[in-house]
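The block underneath contains the structure these notes are about, expressed in structure tokens.
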Amino acid sequence: MTDDFDKRPPDDEPEDDLDWLRGTSDEDSPPKRSGDSLGFTGELSWRQDVEDAFENQLDEANNADTPEWQRDSGDKPSGSGKSNSLGFTGELDWLRASGQGQSEDAPHEDESPEWLRGDDIPSAESPILDDTPDWMRSDEQPTADEAPILDDTPDWLSAVAPPPAEPEAVDTAVPDWLAHMDLAQSTPSPDETPEDDILEGDSLSWLRQDDFGDEEPEPTFDDTPDWMKQLGAPVDDSLPEAASPSAAPPDTGELAWLQEYAAEPTAEQEIIDPAETDAANIPDWLTEMDDSEPSAPAEQPIAASWIDDDEEMVPVAREEAEIPPWLMENAPTDPDDDLFGEFDTGMLREAAEAGFPQPKAEEPPPSGEPLPKGRITDWLERESEAAAARIEQDDFLNTLPEFSTSTGEFDVVPGEEVAPAANDWFDQSEPEPFDAADGPPEWLAELQSQDELPQTDYELPPDEDLFAGLGDIPPAEPTQQMPQAAETGAFFQTGELRDIDDILSSYKDIETGVRDQTGQLLSQADFDMDSLLSSAELEKLNDLRGFEGQPSGADDLGLEKSDWLSDLGVSVGSDDVSAAAIVRKQAQNERDLEDLSEPLRALHAAGLELPNPISDDAPDSMKALLVGVPEIIPPAPVRIGKPGLAEDLVLSAAQREKVNLLQSLVSTEETNKPQLSAIDATLEDAPDLDDVVGAAPVPLPAATRPIRRRRPKIDRFLIAVVLAAAIILPFVVRGLRIGQLPPVSFAAGSPQQIAFDRVAVLQPGDTVLVAAEYGLTDAAELDTTLDTLLRHIFMRGARPVIVSTNAIGLLHAKNVLERGVVSGLDIKTGGTDSSGNIVVNPGTGLNRFGRIIVPIKDYVIAPFIAGETIGVRNFSQNIGGALANDMNGKPTDIGMTSLDDFALLIVIGERSDDIRRWSEQVMPLTGVPMLIAVSSAAGPLAQPYAAASGDGMLVGYKDAYTYRAILEAQAPLAPIPGATDIPTLVPTKPPTATPTPVTPTATFTITPTFTPSLTPTITQTPTITNTPTVTFTPTETFTPTFTPTNIRATDLPPTWTPTTQAGGSSDVGVEGLTIEGVVNVSESLNVRDNPSRSGTPIASIPGGSTVQIIGRNEDGTWLQVRLEDDREGWVSAQFIRIIEPVTATPVAYHVDPNAVVDLMSDSSYRPVSIRQEATPELTETLGVPNTLAAPAAAPLPAQGPTVVQTPYRDQRWYATTLGLLAIIAIITLGAIINIVRGLLRRGRK
Amino acid sequence: MTGDQIGLWAGFVFTLMVFSYLLGDNFLYRLAIYVFTGLTAGYVTLITVESVILPWVRGTIIASAGDISGRALGLIPFILALLLLLKASPRFGRLGNIAIGFIIAVGTAVALAGAIAGTLIPLANATGSGVALDPLNGFLVSLGVMSTLLYFWYLARRRPDGTVQRGFVLRSIGVLGQGFIVVTLGALYAGAILTSLTIFSERIAFLLARITGG
């Protein structure tokens, strides 16, 4: 057979051919065969005839490929009705009607199956059978007795003509849609043609059939294939039988081929009597169709007789020549005649070679009872009813009776149920071949029994025929009673269910006992297909299939028993199994494990060994996201992680982004959970984020709340201990002072040297703007820098103006200026008195700046600048107003109006933002050089601004140390030219007073006078009023002088040996002065017994220590010092830097009359008067004869031990160095540990 | 004991309290932090009032007793401050937008002008002049500046496979800039460590001085 699909119109593709089988409930249908259920044979057989007719007309048609329904209604029917009317042109050649053979001498027998051939197959001109639709008849006008066209004609027909009246319903085994297409029937007579039949004379008049009935059929179910719909009206049992086939088909023109096929045989054409036809050439299914009535006359075409359900099935006589050659012994050589062509399965060829099977002998109908019409529709109805009765779920195929190839008939007797296990026909990969010996099917016999149809014995195709078994044996009733429906519902009482739609719709009404994983009975609202397969249903499945020893149920769905599921590859692990898997398994025919092939068994075994990929512990995010779903559909164990690190799933970067996006969009418990900041995570007691406003509390069940264990952080403690030891020990242990001190000078041309030079060129009277932009954090580091810079400024005689946008910075600047920090020793002053005089403590009160400084005059602390950037901008543009008053509100006399009035700008900041602020707001407005001093942390970021300004930069403690060393090592301390303000107070040799007896009558009057001169002269005249009279006359005048800071050794009195004067304090010295010097060397200094290098070293003074100077040699190259143990020795003067002597006359203390010292200042300074109190006790107690006849000198406060210590800054540097080494060691060790840990972890993996 | 000595001993105690954080978060550490924070805030407030607000009031409102315009000018900051306080009210919060807008506008203008004149132009000049002074160093500086800026180039093309990626040349330069950034961050981190050690050593020295009486 050939199936020239190319000749089909493009729009007419047949749909599911099984549609017509669905829901058919024809209990009287003959036992079907395997091929009957497929519905192929019957359709294709008559198609061949039709197609042949199409081909004949195709060449004559103008629009061969355009079906008629696509044309306008007024078009003249063309001769080619092949593609126009029926809508398919490429039908099977063997289906072509005998009209082809009728019109041409070339017979169709070469293409149509042999079993379809019959002598009674009319030619195109042969009279049309009563049940032949008009459209399948010849071009002749329909006869009067033709039944009107069915109302349910295809739309394309309806559009052209009104739907015709439906034929009478005929109870046959033939489907209704086939009955309507009874080609054997005659065309309706013109008298029977409806008056409003506009098809009269129209090309579609062939549609009118008088045997279609007048009433509109009641459609039971749509079981007509679509392609059949296009061909003709669907079948209906209520439709009347086709009219007498004696009516001639109308002359349609387009459907001439069909009409020819359906037309009554011409005179010259021999009407083949089906009964006379060789039974071997007629398939059983055709012969069975007409078992109730004698077949129609031979002139009736039989090709379409079996398709008419309503009409009496009349076997269509087919000429042997119509059978396609592929079914014949002689295979066709013409490739066009090959029905399937490349689709040839070979079965049909074999069938053709073997010949048509002999039709089954028809049983005479019981007496008195008319033989049921062997209509295929009736058979299908019976079949569908039987299937619906025993259908379970959607496995309707199993309900189909089994066709036995041996007997050529179905195992199940009509009316009996079909055992599901007996459906072995379904087991075959190919449909059961039609048993040629079975004879024509019942429905065909019915057709043949009709009067309209000639009795013809059809030769059934061989067993391998693809279309074998179709309609041959009526379906049998189910032999096995369906198991009683469970108490869960009437689902299994499927007798009333006819089709899959009803089955599916009935699910909604079923109350099952399906439970989810939590044990909760699912409500009907939660019911779904997948949950249908509960244990109860699975048990029923097994019962139906007769599985013994393999009860299906929830337990069977375990890994160890899921044979049938494993074969399907269904993931097992939960109680819920996909319905699709079940159906698929059913479709594939469940087999025992032993029946599986070796590879499948091995696969099954491997599947059992696999771990359960489905975890019952659905992630919380899934539970929150898809409520209820995880209980039904186990979530896939997808773990999201870094690409390459996930164990189960590796996501690409794009997939990772999509997952993150989905997680960010979907609100889950995890995303709602507030996160702890890094700082909070380090705290022992992290703040409860539930208290955070706006944070959603995350309630945790009490059972799952983890118990927080307070584990001591040993690692952190150890690191802290190591660091603390590294910092503290250099202060205490001299041996740990490792490393080199910073250099004592900057590199030439370096930013640090440039900064030093900027300050070194300041002239006395210059005003320097200093911005102290740092707070508490970096005060420990930048205070030293500020102190050093201020010292240098003061030494240059300039006046600093302190400003800041940080209130703490102003406070620190004030402390530095007023308290004084010198080499780590907290030398404090006594503040200022009511007159503004600085009170200097006697013990340690050294003016660290080399001179007395006073606020406003010597320095100004400006008010706080608010607004940061805006405030700096405002300050830079309003200098006069900003500096009108100091921070205390006292008016200043700076008199500055712009930034250019300053000699230098110094910005000391702890952050780069501070430097940037001043660089952006101030530097562009002035050309004054700006010096930058920052901490070590801000150094890299401030470097660009320093490079841009080119005025130098100091970074951290190191540069401050070096700056200070330069200040101390170089000779900037020498009085600068023209600087006369430096007081020169040189301690002179105290006078040696010879005490004389005091005459009680002597009167001593001590009148201290102060002459503001460089050499003040104080004359003391003690007055003794009490007896005995002692007269004391001091013979010498002590003129104490002070040596300023920048004094040279040669300025000291030669061979000056201080002695303790009577009445004086040995702690203070004769002169009441204590001159100290600093060992200005890095190493230690030898103390010799005589002022020469040849002297024997008696001691060693460490470098930087302070030592008391008590004398010098004549040239001043050697200084006599007093050690801590009161030993005296000589040191080289070049290695000693003499510092200001300590004043022994503090204002607030009693002053030794013999040790009065005046602090002299330059002319520009206000004279500092040091009050000297002469207590009455002095006068009263002056009676002591051996004393100075002065009142007993009040003991001066102890100066305290002279501590010779390493300079403070050196200790800090050693500590910083050791701490840095400790940090480097800790970081390196930690990195090594992490690397080793990572390698070990990888090795374990 | 003088006030200075009390202050010194108080500093000694508070330093130890802050160092107690080595043992973990505890009450003493939090007390020290709270005291420092409170004192700082109080001092800043006091300084602001004394150095800014009072002088302003004296110079505008009080000084211009008979001048309404002067008084009005003096009241403007207080009015803006009041409007800013209204931001806390949901009902009248919109009124605070006036003050915020004024502050933001002025600050932005000042910062923008300073950034152009004080940062962009001088740094560009320094970068260019560095090439003339020291070719190698200048080249490195210029390369570092350009590569760092190009590292933050966010424009790219979408490829047919859907991925968005910059060109090869741009990516290569960006990698170089990323290297410069890494080095800079490393240097900043080292400086921060050094600063911390310096501060720590100063505090230890202070404590030892208090302990030893030096």
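By convention in this document, chain letters (A, B, ...) are assigned in the order of the sequence lines, proteins followed by strands, and residues within each chain are numbered from 1. Both backbone and side-chain heavy atoms feed into the values below; hydrogens, waters and symmetry mates do not. Please read these numbers as outputs of a predicted model, since none were measured by experiment.
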Atom group of [X] that falls short of 4.5 Å from chain B, counting heavy atoms:
X: Leu925(A); answer: neither
X: Glu781(A); answer: both
X: Ala724(A); answer: both
X: Leu1220(A); answer: both
X: Pro944(A); answer: both

Using a 4.5 angstrom heavy-atom cutoff, name the option from Tyr189(B), Tyr43(B), Phe206(B) with the most pairs to chain A.
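Heavy-atom pairs under 4.5 Å are most numerous for Tyr43(B).
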Taking every non-hydrogen pair under 4.5 Å, which of Ile103(B), Thr48(B), Thr119(B), Ile47(B) racks up the most with chain A?
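Ranked by heavy-atom pairs under 4.5 Å with chain A, first place is Thr119(B).
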May I ask you to check if Arg916(A) and Tyr945(A) form a cation-pi contact, with NZ or CZ under 6.0 angstrom from the six-membered ring centre and within 45° of the axis?
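Arg916(A) over Tyr945(A) ring: no.
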Looking only at side-chain N and O atoms, does Asn806(A) offer a donor or acceptor that is under 3.5 Å from a partner on Ser804(A)?
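Side chains of Ser804(A) and Asn806(A): no pair found under 3.5 Å.
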Does atom CZ of Phe36(B) have more than 12 heavy-atom neighbours from other groups under 6.0 Å away?
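Yes, because the 6.0 Å sphere around CZ of Phe36(B) holds more than 12 heavy atoms from other groups.
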More than 12 non-hydrogen atoms from neighbouring residues, nucleotides or ligands closer than 6.0 Å to NZ on Lys87(B), yes or no?
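Correct, the count exceeds 12.
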Out of Ile1223(A), Leu776(A), Thr869(A), return the one with the most heavy atom pairs under 4.5 angstrom to chain B.
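Highest number of heavy-atom pairs under 4.5 Å: Ile1223(A).
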Between Phe19(B) and chain A, with a heavy-atom cut-off of 4.5 Å, which part of the residue counts as in contact: side chain, backbone, both or neither?
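The answer is neither part of Phe19(B).
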Could you tell me which portion of Val110(B) (side chain, backbone, both or neither) has an atom closer than 4.5 angstrom to a non-hydrogen atom of chain A?
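Looking at Val110(B), backbone and side chain both touch chain A.
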Quick check on side-chain contact (heavy atoms from CB on, under 4.5 Å): which of Thr37(B), Ile33(B), Leu39(B) does Val35(B) satisfy it with?
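Between Val35(B) and the candidates, side-chain contact (heavy atoms from CB on, under 4.5 Å) is satisfied uniquely by Leu39(B).
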Hey, is the main chain of Ala882(A) close enough, under 3.5 Å, to the side chain of Asn878(A) for a donor-acceptor pair?
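Not confirmed, Asn878(A) side chain does not pair with Ala882(A) backbone.
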Is a salt bridge present between Arg917(A) and Glu868(A), judged by a nitrogen-to-oxygen distance below 4.0 Å?
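Judged by the 4.0 Å cut-off on N to carboxylate O distance, Arg917(A) and Glu868(A) do form a salt bridge.
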